Protein chains: 2
Amino acid sequence: MKNDPAENQESIKAIPEPTLRRLPIYYQLLKSRLNAGSSEISCTTIADALHLTAIQVRKDLEITEASGKPKVGYNIKELIAAIENFLGWNSKSEAFLVGAGNLGSALIGYQGFKEYGLMIIAAFDNNPAKINTSVYGKRIFDIKKLSDMVRRMKVSIGILTVPAQYAQESANLMTEAGIRAIWNFSPTKIICRPDIVVQHENLACSLAVLSKKISEVAARRIS
Amino acid sequence: MKNDPAENQESIKAIPEPTLRRLPIYYQLLKSRLNAGSSEISCTTIADALHLTAIQVRKDLEITEASGKPKVGYNIKELIAAIENFLGWNSKSEAFLVGAGNLGSALIGYQGFKEYGLMIIAAFDNNPAKINTSVYGKRIFDIKKLSDMVRRMKVSIGILTVPAQYAQESANLMTEAGIRAIWNFSPTKIICRPDIVVQHENLACSLAVLSKKISEVAARRIS
DNA sequence: CCTTAATAGATAAACTTATATCTATAAAAT
DNA sequence: ATTTTATAGATATAAGTTTATCTATTAAGG
């Protein structure tokens with residue numbers, strides 16, 4: 001059951017997350033090389049630029065089903081298209097954002113997302129001072145309207161940027177309304193039904209890793 | 001050399017990153033339970049709240065050297081202090097931020113960091129329209145002044161929130177000035193000397209993971 | 001036509017992380 | 001005071017994932 005290559009129950013061969021996380025890095029490099037006038041690139045070149053090994057790069061790119069030519073490498077445009085296709089970045093996705101605070105507003109204004117096919121089309125908040133105002137051209141609605149609008153506009157992605165104490169209830173509101181995936185930037189874990197995709201983006205967690213790295217390096221300097 | 005427990009070269013027994021990333025989650029939960037009036041908490045309770053196993057929670061908390069009592073659990077205040085101490089969050093760290101765009105401004109205004117001992121004391125930009133203005137009470141300086149100020153104020157942490165094409169040169173500027181750790185929010189990888197701590201916080205990478213999860217779930221629904 | 005260099009595919013090794021088991025301890029209940 | 005029970009603490013096992021190695025193949029260049 002383990003080594004059986006014909007596990008046709010899903011045929012989706014779990015993609016390693018580290019690979020997934022490297023793809024956007026390749027993507028960014030490819031775009032920059034394309035702008036610089038290149039048309040082909042080899043694994044070796046990519047690996048050198050990113051301080052990785054050529055083998056790893058090749059294995060990562062393998063899963064996008066992109067095909068390169070021996071002695072030449074990959075066609076950059078094709079490779080970009082393969083990554084976009086693999087990640088689903090070639091089709092547009094619409095998202096609602098809940099919690100129009102500092103971080104929420106920044107995400108609304110962040111131009112980078114549309115490059116990846118993600119469009120934040122509206123925001124929601126419970127603060128009367130913010131309701132019916134606009135941030136970077138996006139209207140902020142009363143959180144009470146979320147449910148209706150999710151249903152009407154069939155939005156399936158929710159971005160959560162509320163304080164910790166409101167995170168779980170906001171997530172519940174979203175999923176009950178029909179949101180299928182939550183990108184959670186609040187500093188707490190949220191628990192959702194198993195069919196809901198939840199991606200945690202907790203700055204405190206990253207800061208913990210950074211803090212520890214710093215103190216380790218500091219300790220090494222002393223010794 | 002591998003199984004030798006007496007590898008006294010560093011004695012720092014590498015902390016698993018997943019453990020490190022869970023600590024802030026525990027931390028947040030503990031603070032909320034403390035506010036709710038509790039004074040003790042057991043691994044089982046923590047595990048139930050966060051949908052983890054008690055064994056894993058206990059093992060995670062072990063590395064902070066916190067100590068609990070059988071039949072009762074951990075003293076919440078002590079556990080909070082142990083986590084803070086372990087992560088170095090009980091001492092203040094000062095940071096400079098480079099790139100006062102949307103995301104940069106949001107991070108400047110984000111109140112959460114000071115809870116973890118991180119203080120953004122100034123920001124830098126190359127845009128004349130922004131230089132010498134203030135964001136959430138923090139002055140924005142000319143990027144040309146970065147080097148001097150890092151040296152004078154002995155700031156060792158830099159937060160990088162510039163567009164991809166400026167990321168590497170900004171990082172170079174930082175490290176040459178004496179910055180020891182970079183928290184990189186730009187959508188590209190930066191390459192630094194081995195003694196520099198770099199923590200990548202690439203939203204595109206996270207979005208890739210989210211996108212793939214969504215398409216996998218979508219595929220599962222069809223079948 | 002032959003050599004070179006790069007990709008493709010398959011297999012093997014290493015590492016990390018998670019889980020389970022066992023013992024000791026301390027508080028609560030009888 | 002003794003028994004019970006739940007939890008921490010420590011060690012060992014297992015699982016899973018990632019990375020590396022090896023061989024074959026293909027296209028370009030001399």
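This is a predicted model, so every value here is computed, not measured. Here is the naming used below: chain letters follow the sequence lines, and residue numbers restart at 1 for every chain.
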Within this structure, what is the [atom1]-to-[atom2] distance between [X] and [N], rounded to whole angstrom?
| X | N | atom1 | atom2 | answer |
| --- | --- | --- | --- | --- |
| A:His51 | D:dT19 | NE2 | P | 17 Å |
| B:Leu52 | C:dA18 | CG | P | 10 Å |
| A:Ile63 | C:dA10 | CD1 | P | 16 Å |
| B:Glu78 | D:dA8 | CD | P | 13 Å |
| B:Gln56 | C:dT19 | CD | P | 6 Å |
| B:Asn75 | C:dA27 | CG | P | 13 Å |
| A:Arg58 | C:dA10 | CZ | C1' | 13 Å |
| A:Leu23 | D:dT18 | CG | P | 12 Å |

Using a heavy-atom cut-off of under 4.0 Å over every strand shown, decide if [X] touches base, sugar-phosphate, or nothing.
| X | answer |
| --- | --- |
| A:Thr53 | sugar-phosphate |
| B:Thr44 | sugar-phosphate |
| A:Lys71 | base |

Open item on the list: Tell me whether the rings of A:Phe124 and A:Phe96 are parallel (<30°), tilted (30 to 60°) or perpendicular (>60°).
Closed with: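 Perpendicular: the ring planes of A:Phe124 and A:Phe96 meet at over 60°.
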Which listed nucleotide ([options]) is nearest to the side chain of [X]?
| X | options | value |
| --- | --- | --- |
| A:Pro16 | D:dT18, D:dA6, D:dA28 | D:dT18 |
| B:Glu17 | C:dT17, D:dG9, D:dA27 | C:dT17 |
| B:Ile55 | D:dA8, C:dT19, D:dA27 | C:dT19 |

TODO: Taking atom types as modelled, find out whether A:Asp60 and A:Gln56 have a side-chain donor-acceptor pair closer than 3.5 angstrom.
DONE: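 There is no such pair between these side chains.
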Open item on the list: Do A:Ser93 and A:Tyr116 make a side-chain contact, defined as non-hydrogen atoms from C-beta onward lying under 4.5 Å apart?
Closed with: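 Side chain of A:Ser93 against side chain of A:Tyr116, heavy atoms only: no contact under 4.5 Å found.
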Task: First of A:Val72 and A:Asp60 reached from the 5' end of DNA chain D, by closest nucleotide - done: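 The residue closer to the strand's 5' end, by nearest nucleotide, is A:Asp60.
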- [ ] Inspect the contact between A:Glu40 and A:Lys69 and indicate whether a charged nitrogen and a carboxylate oxygen are less than 4.0 angstrom apart.
- [x]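 Not counted as a salt bridge, because no side-chain N and carboxylate O are separated by less than 4.0 Å.
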TODO: Using heavy atoms to find the nearest nucleotide of DNA chain C for A:Lys59 and A:Ser67 separately, return the residue whose nucleotide is more 5′.
DONE: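 With A:Lys59 and A:Ser67 compared, the 5'-side residue is A:Ser67.
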Open item on the list: With a cut-off of less than 4.0 Å, is there a side-chain N or O of B:Arg22 near OP1 or OP2 of C:dA18?
Closed with: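 So the side chain of B:Arg22 is within the cut-off, an N or O lying under 4.0 Å from OP1 or OP2 of C:dA18.
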Open item on the list: For a quick test of reading the model: is some side-chain N or O of B:Ser42 closer than 4.0 Å to OP1 or OP2 of D:dA8?
Closed with: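 Answer no for this pair, as no side-chain N or O of B:Ser42 is under 4.0 Å from OP1 or OP2.
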Open item on the list: To the nearest 0.5 Å, what is the distance between OG on B:Ser170 and CD on B:Gln165?
Closed with: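 One gets 10.0 Å once the value is rounded to the nearest 0.5 Å.
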